[in-house]
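Values reported hereafter were calculated over all heavy atoms of this structure, with side chains retained and with hydrogens, waters and symmetry mates removed.
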Amino acid sequence: MLEHQKFVLQSVSDQKHLFRKELLKSFEWLTEKEQVELFTWLKSNFYFSHKDCVEQAFRHSLIQEGA
């Protein structure tokens, strides 16, 4: 699933609203370990172009885990 989500995120990276939507969906399907791997991958590939989306998604993920 992680590789699939990477592919999807690359495919929609030029459309910020879809990138954010797909990133948030990723957390529904990925394990904690995969989420960490995804974050590392995102920092390497999209952090500067989609910094706000990446940070928002991971804050959302942390809130969900704490709930």
Worksheet entry | Salt-bridge contact Lys25-Glu28 (side-chain N to carboxylate O under 4.0 Å) | no
Discussion item. Would you say that Tyr47 contacts Glu55 through its side chain, given a criterion of any heavy-atom pair below 4.5 Å between the two side chains?
Written reply: yes
Discussion item. Heavy-atom count check: over 12 atoms from other residues, nucleotides or ligands less than 6.0 Å from Lys16 NZ?
Written reply: yes
Worksheet item: Between atom CH2 of Trp41 and atom OG of Ser44, what is the distance when rounded to the nearest 0.5 Å?
Response: 9.5 Å
Fill in: Note, Arg20 side chain near Asp52 side chain (heavy atom, < 4.5 Å)
yes
Discussion item. Can you pull out every salt bridge (charged side-chain N to carboxylate O under 4.0 Å, His left out) where at least one residue sits in residues 3-14? Sequence neighbours excluded, please.
Written reply: Glu3-Lys6
Worksheet item: So do the side chains of Glu34 and Trp29 get within less than 4.5 Å of each other, counting heavy atoms only?
Response: no
Fill in: Rounded distance [0.5 Å steps], CD in Glu22 versus CD in Gln15
10.5 Å
Discussion item. Hydrophobic cluster membership, with links at side-chain heavy-atom distances under 4.5 Å among I/L/V/M/F/W/Y: are Phe27 and Leu2 in one?
Written reply: yes
Worksheet, complete the sentence: In terms of heavy-atom contacts, Leu9 and Leu23 come closest through CD2-N, 3.7 Å
Discussion item. Using 30° and 60° as the class boundaries, would you call the ring planes of His50 and Phe19 parallel, tilted or perpendicular?
Written reply: parallel
Response to the item:
ring-ring contact (aromatic ring centres under 6.0 Å, His included) filter on Phe39, not counting sequence neighbours, yields Phe58
Fill in: All pairs passing salt bridge (charged side-chain N to carboxylate O under 4.0 Å, His left out) where residues 37-47 contributes a residue, at least two apart
none
Worksheet item: Is Leu42 linked to Leu18 within one hydrophobic cluster, defined over Ile, Leu, Val, Met, Phe, Trp and Tyr using a side-chain heavy-atom separation of less than 4.5 Å?
Response: yes
